[in-house]
Amino acid sequence: MKHWQLHLLVIPPLLFFLIFKYYPMANAVLAFKDYNVIKGIWGSPWVGFKHFELFFENPLFWTLVKNTILLSGYLLLAGFPIPILLALMINEIRGGRFKRFVQLVSFAPYFISTVVMVSIIMLFLAPRLGFANIAMNFFGLDSVNFLGEPGMFRSIYVWSDIWQTAGYSAVIYLAALAGIDPTLYEAAKVDGASRFQKIRHVDLPGIVPTIVIILILNVGNVMAIGFEKVYLLQNPLNIANSEIIATYVYRIGLLNANYSFATAVGLFNSLINLVLLVTVNGLAKRITNNSIW
């Protein structure tokens, strides 16, 4: 076999995906069974769509779906454009040292773990000793229990997430900007284009394929909003808006050892994400002629 060394390099990642990604998919059959520890997954009795029906008939079903979609949609609408704007602004910085400083400052928060990030948020928004309330008291305003207000939960989650991940996400667009043909900038300069005109007619069209791919992937994960941060920010006061499908599955399915129910809800989530991914990919291909496949 010609270039067999290159084929050999593909084997480890291929085995990783087969063992840890594709093989576990077979165990999704658990969603259609009443799991029994002694009998195992394949020996447990079939119950059909029982667990799906229990989830759909649950009084909390629409509340969970609404909270999940609103939180994910808010994060997508607010968080998707900001890395693009940040990348465009960094790309326009001419000073090399200042440019590296801005990249470092915006990129560094990404390395903060979720637990530490939530601790920072709680300390910053603490009702009595938090910096936010101390500042408000300084200007004569009353203290606010930010994490105790259901209406504030989504904004706290989304904007803290944007602060943490915008710099990292901007790196992808910076890489796309670096790949734009320099002759386009020279032609724009000759034509007398301003900086904003260069951004509009050279930078943005140059990164449109990257923007479309990232948008498709983000929409495909709308129902898979991060569990850890939501769960850590939850409390009995804000649970009306903070209880999403992932946290509900953890409470009901895993803590109560109802693994079949948890698998059914997880499978429902995955199917919704798959439908969204295929739909948005088809629309993107038809409108912009850019898609994942």
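Heavy atoms only: backbone and side chains are in, while hydrogens, waters and symmetry mates are out.
Within the 3.5 Å criterion, the main-chain N or O of A240 finds a donor-acceptor partner in the side chain of N67. Side-chain N or O atoms of Q197 include one that pairs as donor or acceptor with a backbone N or O of S194 at under 3.5 Å. The main-chain N or O of Y35 is found under 3.5 Å from a side-chain atom of S260 such that the two form a donor-acceptor pair. Between the side chain of N269 and the main chain of V265, no donor-acceptor pair closer than 3.5 Å is present.
Residues passing the salt bridge (Lys or Arg N to Asp or Glu O under 4.0 Å) test with R251 are E243, sequence neighbours excluded. Evaluation of the salt bridge (Lys or Arg N to Asp or Glu O under 4.0 Å) rule for K39 yields no partner, not counting sequence neighbours. Applying the salt bridge (Lys or Arg N to Asp or Glu O under 4.0 Å) rule to E53 yields no partners; only residues at least two apart in sequence or on another chain are considered. Considering only residues two or more places apart in sequence or on other chains, R94 meets the salt bridge (Lys or Arg N to Asp or Glu O under 4.0 Å) condition with E92.
The two residues T210 and I172 come nearest to each other via the heavy atoms CG2-CG2, 3.8 Å. Closest heavy-atom contact between D161 and T165: O-OG1, 2.8 Å. Nearest heavy atoms, I244 versus L64: O-CD2, 3.8 Å. N273 and V222 make their closest contact through OD1-N, 3.6 Å (heavy atoms, listed as atom of the first residue, atom of the second, distance). Contact record, I225 with A246: O-CB, 4.5 Å, taken as the closest heavy-atom pair. In terms of heavy atoms, A264 sits closest to F52 at O-CE2, 3.3 Å.
Y173 has its side chain out of reach of N91: every pair of non-hydrogen atoms, C-beta onward, lies at least 4.5 Å apart. Here the side chains of F20 and L15 are not in contact, with every heavy-atom distance at 4.5 Å or above. Looking only at side-chain heavy atoms (C-beta outward), V219 and L215 come within less than 4.5 Å of each other. Between I121 and M117, some side-chain heavy-atom pair lies under the 4.5 Å cut-off.
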Using atom types as modelled, flag every donor-acceptor pair under 3.5 Å from a side chain in residues 122-144 to any protein atom, sequence neighbours excluded.
{"residue": "N133", "atom": "OD1", "partner": "V144", "partner atom": "N", "Å": "2.7"}
{"residue": "N133", "atom": "ND2", "partner": "A126", "partner atom": "O", "Å": "2.9"}
{"residue": "N133", "atom": "ND2", "partner": "P127", "partner atom": "O", "Å": "3.2"}
{"residue": "N133", "atom": "ND2", "partner": "V144", "partner atom": "O", "Å": "2.9"}
{"residue": "N137", "atom": "OD1", "partner": "S143", "partner atom": "OG", "Å": "3.2"}
{"residue": "N137", "atom": "ND2", "partner": "N133", "partner atom": "O", "Å": "3.2"}
{"residue": "N137", "atom": "ND2", "partner": "S143", "partner atom": "OG", "Å": "3.3"}

Can you list, pair by pair, the side-chain donor-acceptor contacts under 3.5 Å of residues 56-63, counting residues two or more places apart and other chains?
{"residue": "N58", "atom": "OD1", "partner": "L60", "partner atom": "N", "Å": "2.8"}
{"residue": "N58", "atom": "ND2", "partner": "Y248", "partner atom": "OH", "Å": "2.5"}

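Annotation for K229: atom NZ counts as buried by contact number, over 12 foreign heavy atoms lying within 6.0 Å. Enclosure of atom CG in N289 is not indicated, since only 12 or fewer non-hydrogen atoms of other residues, nucleotides or ligands lie within 6.0 angstrom.
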Side chain to side chain contact (heavy atoms under 4.5 Å, CB included) between Y74 and W159: does it pass, once the steps are laid out?
CA-CA 10 Å; Y74 187 178; W159 291 105; 2.9 Å; yes
Please evaluate residues V212 and V208 with respect to the criterion side chain to side chain contact (heavy atoms under 4.5 Å, CB included), reporting the C-alpha separation (whole Å), side-chain torsions for both, the decisive distance (0.1 Å), and the verdict.
CA-CA 6 Å; V212 172; V208 161; 4.1 Å; yes
Full working for side chain to side chain contact (heavy atoms under 4.5 Å, CB included) between T247 and F227:
CA-CA 6 Å; T247 56; F227 159 77; 3.8 Å; yes
Decide yes or no on side-chain hydrogen bond (donor to acceptor under 3.5 Å, both in side chains) for H51 and D34, but give the supporting numbers first.
CA-CA 9 Å; H51 300 294; D34 262 337; 3.2 Å; yes
I would like to know whether V158 and L71 meet side chain to side chain contact (heavy atoms under 4.5 Å, CB included); could you show each step before the answer?
CA-CA 8 Å; V158 168; L71 185 60; 4.3 Å; yes
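One finds the CG atom of L76 at 10.5 Å from the CG atom of N221 (value rounded to the nearest 0.5 Å). The CD atom of E149 lies 10.5 Å from the CG atom of N241; values are rounded to the nearest 0.5 Å. Atom CZ of F98 and atom CD1 of I90 lie 9.5 Å apart (nearest 0.5 Å). Atoms CZ and CG, on F196 and L88 in that order, are 11.0 Å from each other to the nearest 0.5 Å.
M25 and Y23 fall into different hydrophobic clusters, where Ile, Leu, Val, Met, Phe, Trp and Tyr residues are linked whenever their side-chain heavy atoms come under 4.5 Å apart, directly or through other members. Both L255 and L30 are assigned to one and the same hydrophobic cluster, defined by single-linkage of ILVMFWY side chains at heavy-atom distances under 4.5 Å. No single ILVMFWY cluster, assembled from side-chain heavy atoms under 4.5 Å apart, contains both I82 and L174.
With hydrogens and angles left out, the side-chain atoms of S106 and Y168 include no donor and acceptor closer than 3.5 Å.
Aromatic pair F32/F49: ring centres closer than 6.0 Å.
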